[in-house]
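Computation of the quantities below employed the complete heavy-atom set of this structure, encompassing side-chain atoms and omitting hydrogens, waters and symmetry-equivalent molecules.
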Amino acid sequence: MSSHAFRPVQKFALSALVAIGMAMTSSLALAQEPDEPRAISEIDLVILVVDVPAILARSKAAQDIQQQLETRRKSYQEEIAAKEEELQSAQRELEKQRTILSNEAFEERRQEFREQLAAVQRGVQQRKSVLERAFAESMNELRKAVVAVVAEISQENGATLVLSNQQVVLVETGLDITEQVLTMLDERVPSATITMPDIPEDQ
């Protein structure tokens, strides 16, 4: 009886942060190519498997990205809530003045209110766009780090092919380098730096 241990490939329930990263997983299937092409019969096939979504979910840098974005999101929510309260106050005041203002003056005030409302709505969309862009850029940098670590480990093991475990049904445990990649990634990239542009005061 063979002593090789096989296990089903694990599937992780990923948060929204990692779900976006999964779309890029297939790009991480690496094939090491020699300097000069060789015949298939001359190549010793060594295959490794890695669970990239799990790494993106569990790595220290990914969790740091999520925490920083959540902090910024809460800050944006507070800013918008304050502006909305100002608008509600302005709307109540406008309604009070309806009976004492001329139609022309009232329409002018109402137009000003509409412009203020539109500015707040633009601010909401702009903040959402900033967060999405910051997330995408940060995750892209993290994926590059994952690829670099996978490439290094595959070279050390003489691997000719690295597969995402989403492409595999069963795998011998010794061929799965997920934990090794995660450990090395956490050592090299324990945190993340997120740069977000300033948002104009009127938004």
Side-chain angles (χ1 to χ4, degrees), residues 1-73 130-196:
M1 180 180 297
S2 173
S3 62
H4 296 303
F6 289 85
R7 63 173 175 80
V9 172
Q10 297 284 338
K11 301 298 180 183
F12 289 81
L14 304 176
S15 65
L17 171 72
V18 181
I20 298 175
M22 291 179 65
M24 299 292 294
T25 301
S26 60
S27 66
L28 299 179
L30 306 177
Q32 294 186 7
E33 298 181 358
D35 294 334
E36 295 181 2
R38 292 184 295 167
I40 294 178
S41 60
E42 297 177 346
I43 299 176
D44 296 326
L45 185 61
V46 178
I47 299 176
L48 298 177
V49 175
V50 62
D51 189 340
V52 175
I55 293 171
L56 293 178
R58 296 165 53 195
S59 71
K60 293 179 180 179
Q63 293 173 10
D64 187 36
I65 290 171
Q66 186 174 18
Q67 183 177 8
Q68 290 185 55
L69 290 178
E70 179 63 16
T71 299
R72 183 57 65 95
R73 184 187 66 81
V130 164
L131 290 175
E132 290 176 347
R133 185 165 64 252
F135 169 79
E137 292 175 353
S138 300
M139 291 304 294
N140 186 51
E141 290 303 312
L142 183 57
R143 287 188 202 97
K144 291 179 182 178
V146 172
V147 170
V149 172
V150 170
E152 182 175 335
I153 293 175
S154 65
Q155 185 174 11
E156 291 174 354
N157 288 273
T160 50
L161 181 65
V162 180
L163 297 175
S164 166
N165 79 332
Q166 278 68 46
Q167 301 168 326
V168 180
V169 177
L170 293 175
V171 61
E172 186 177 355
T173 54
L175 299 178
D176 191 330
I177 60 172
T178 299
E179 293 302 322
Q180 187 179 354
V181 173
L182 180 61
T183 298
M184 188 177 295
L185 181 69
D186 283 345
E187 291 175 352
R188 296 184 178 182
V189 191
S191 61
T193 300
I194 300 179
T195 302
M196 284 178 276

Can a donor-acceptor pair be found, under 3.5 Å and without considering hydrogens, that links the side chain of Asn157 to the backbone of Ala159? no

N/O donor-acceptor pair under 3.5 Å between Ser164 side chain and Gln167 backbone: no

Mind listing the closest non-hydrogen atom pair of Ser138 and Ile65 along with its distance? CB-CD1, 3.6 Å

Looking at every heavy atom in both Ser154 and Val162, which two are closest together, and how far apart are they? CB-CG2, 3.7 Å

Less than 3.5 Å apart, which donor and acceptor atoms pair up between the side chains of residues 187-195 and the rest of the protein, not counting sequence neighbours?
| residue | atom | partner | partner atom | Å |
| --- | --- | --- | --- | --- |
| Arg188 | NH1 | Glu152 | OE1 | 2.8 |
| Arg188 | NH2 | Glu152 | OE1 | 3.0 |
| Arg188 | NH2 | Glu152 | OE2 | 2.9 |

CD/Gln67: more than 12 non-hydrogen atoms of other groups inside 6.0 Å: no

Salt bridge (Lys or Arg N to Asp or Glu O under 4.0 Å) partners for Arg133, two or more places apart: none

Residues forming a salt bridge (Lys or Arg N to Asp or Glu O under 4.0 Å) with Lys60, sequence neighbours excluded: none

CA sep, side-chain torsions, deciding dist, call: Met139, Arg143, side-chain contact (heavy atoms from CB on, under 4.5 Å): CA-CA 6 Å; Met139 291 304 294; Arg143 287 188 202 97; 3.8 Å; yes

Under the criterion side-chain contact (heavy atoms from CB on, under 4.5 Å), I'd like the reasoning laid out for Gln166 against Asp51: C-alpha separation, chi angles, the key distance, then a yes or no. CA-CA 7 Å; Gln166 278 68 46; Asp51 189 340; 3.7 Å; yes

Checking Asp186, Val149, Val50 against Ile55 for side-chain contact (heavy atoms from CB on, under 4.5 Å), the one that qualifies is Val50

Decide yes or no on side-chain contact (heavy atoms from CB on, under 4.5 Å) for Leu185 and Val146, but give the supporting numbers first. CA-CA 7 Å; Leu185 181 69; Val146 172; 3.8 Å; yes

Between Leu163 and Leu48, does a side-chain contact (heavy atoms from CB on, under 4.5 Å) hold up when you go through it step by step? CA-CA 6 Å; Leu163 297 175; Leu48 298 177; over 6 Å; no

